[in-house]
Amino acid sequence: MIRSMYGHQAIMQKGKIFLKSGFVSIIGRPNVGKSTLVNAIVGEKVAIVSNKPQTTRQRLQGIYTSENGQIVFLDTPGIHKPHHRLGEYMVDVSTRSLEEGDLIYYLVDATKPFGSGEQFIIDQLQNVKVPVFLVVNKVDLLDKEELDRVISSYTRHFQCKEVIPVSALNHTNLEKLLHDTFACLSKGPLYYPEDHYTDQPMSFLSAEIIREKTLQLTRDEVPHSVAVKVEDFCEQGENRWYIRATIYTERDSQKGIIIGRNGQMLKKIGELARKDIETIMGAKVYLDLWIKVRKNWRDNEANLKQLGFSLEDR
Ligand code: GDP
Ligand code: MG
């Protein structure tokens, strides 16, 4: 159940009684820029981003509120062929969110013409009853002619309500995207207070930021084998916070890489993460980072549950 409702007196009192609101599910293959798009629209870091596929593991809400109303974006893990239990969970989360939106953005990478991986997504989209926008991202990387070719490679296979080319990275055409999105939504309440931009608590965002830095600084199999859990998150004096977090890996060798020579890598991850967390919280943070090996946690039901990957808890 995601539709909890909050009071919206503040905006109503300004005389805006024709507010619109709704949920937009963003789906697409890994690495097409779903999380970048949500962050760009919301204007804050809701979801971590990396150039490695399958960075997003949970469904996250990014909340955009303007004088027109409120759009709750559901950022999802990419739809891909799963190779372990965690992957199955991620694909499950993505396909479920198809049923939760009032509108769907089917996000594709403009540098990649229609391919077999897209067919599976399109098959799923045939059954949905809500409108679908084909949002063609990364248009900063190609010229108009190439873009037209890519767009027709998609529209040949699939009927959608609108095609909107954007660059999430450069914020190109996002105003049109938002304008057309509001046009599709109905009058409705604000689901969250005006100043909220995510449904996730700061402890979750902190864990994700630590994971992002680990992903950005490591290569090969390490990024996929990492999970981060915040174990302690408490205020220690005025505007000072203590956060204890554990980075889990699957093998001793990966643990070694993350610790690095003389602990340099772990130190760097901690420093970068702490700075980002401090910026978001507007407070001083002491970040206490630990690292543990949990063999094959991605295929272990009990470990997955303990690390927060459970469909029952949703
Ligand atoms: P997701 O897996 O679909 O959530 O993709 P991410 O948001 O994590 O982005 C994957 C990669 O694509 C990152 O390296 C982003 O910086 C990059 N990216 C996202 N949007 C754009 C864009 O509009 N232009 C370019 N050039 N790169 C982008
Ligand atoms: Mg993502």
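Just so it is clear, the structure is predicted and the values come from calculations on it, not from any experiment. The first residue in the sequence is number 1, and the count goes up from there. Every number for a ligand or one of its atoms is a count from 1 in the order of the listing.
Remark: ligand 1 and Thr55 share no N or O pair separated by less than 3.5 Å (distance only, no angle test). Ligand 1 has no N or O atom lying under 3.5 Å from any N or O atom of Ile48, backbone or side chain. For Ala168, a nitrogen or oxygen atom sits less than 3.5 Å from a nitrogen or oxygen atom of ligand 1, counting backbone and side chain alike.
With hydrogens left out, the protein atom closest to atom 5 (O) of ligand 1 is Gly33 N, 3.1 Å, a heavy atom. The shortest contact between atom 10 (C) of ligand 1 and any protein heavy atom is with Asn31 OD1, 3.1 Å. Counting protein heavy atoms only, atom 11 (C) of ligand 1 is closest to Ser50 O, 3.7 Å. Looking from atom 24 (N) of ligand 1 to the surrounding protein, the closest heavy atom is Asp140 OD1, 2.8 Å. When hydrogens are left out, the protein atom nearest atom 22 (C) of ligand 1 is Leu169 CB, 3.3 Å; that is the closest non-hydrogen contact. Counting protein heavy atoms only, atom 20 (N) of ligand 1 is closest to Asn137 ND2, 3.2 Å. For atom 7 (O) of ligand 1, the nearest non-hydrogen atom of the protein is Thr36 OG1, 2.6 Å.
Val222 is not listed as a side-chain neighbour of Thr249, based on a closest heavy-atom distance of 4.5 Å or more.
For Thr65 (side chain) and Gln70 (main-chain N/O), no donor-acceptor pair under 3.5 Å exists by modelled atom type. A donor-acceptor contact shorter than 3.5 Å links the side chain of Asn239 to the backbone of Gly282. With hydrogens and angles ignored, the 3.5 Å screen pairs a side-chain donor or acceptor of Asn137 with a backbone N or O of Ala168.
With a 4.0 Å heavy-atom cut-off, ligand 1 is reached by no atom of Val166.
Phe158 has its ring centre no less than 6.0 Å from the ring centre of Phe114.
Residue contacts with ligand 1 include Val32, since one of its heavy atoms falls under 4.0 Å from the ligand. Within the structure, ligand 1 lacks Gly78 among the residues with a heavy atom less than 4.0 angstrom away.
Rounding to 10 degrees gives 80° for the angle at the Mg ion (ligand 2) between OG1 of Thr56 and OG of Ser35.
Side-chain contact check for Thr181 and Tyr105: at least one donor-acceptor pair (N or O, by modelled atom type) lies under 3.5 Å.
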**Report entry** From CA spacing to verdict: side chain to side chain donor-acceptor pair (under 3.5 Å), Thr76, Ser97
**Finding:** CA-CA 8 Å; Thr76 63; Ser97 68; 4.8 Å; no
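Partner Val93 forms a side chain to side chain contact (heavy atoms under 4.5 Å, CB included) with one of Arg57, Glu88, Arg59 and no other, that one being Arg59.
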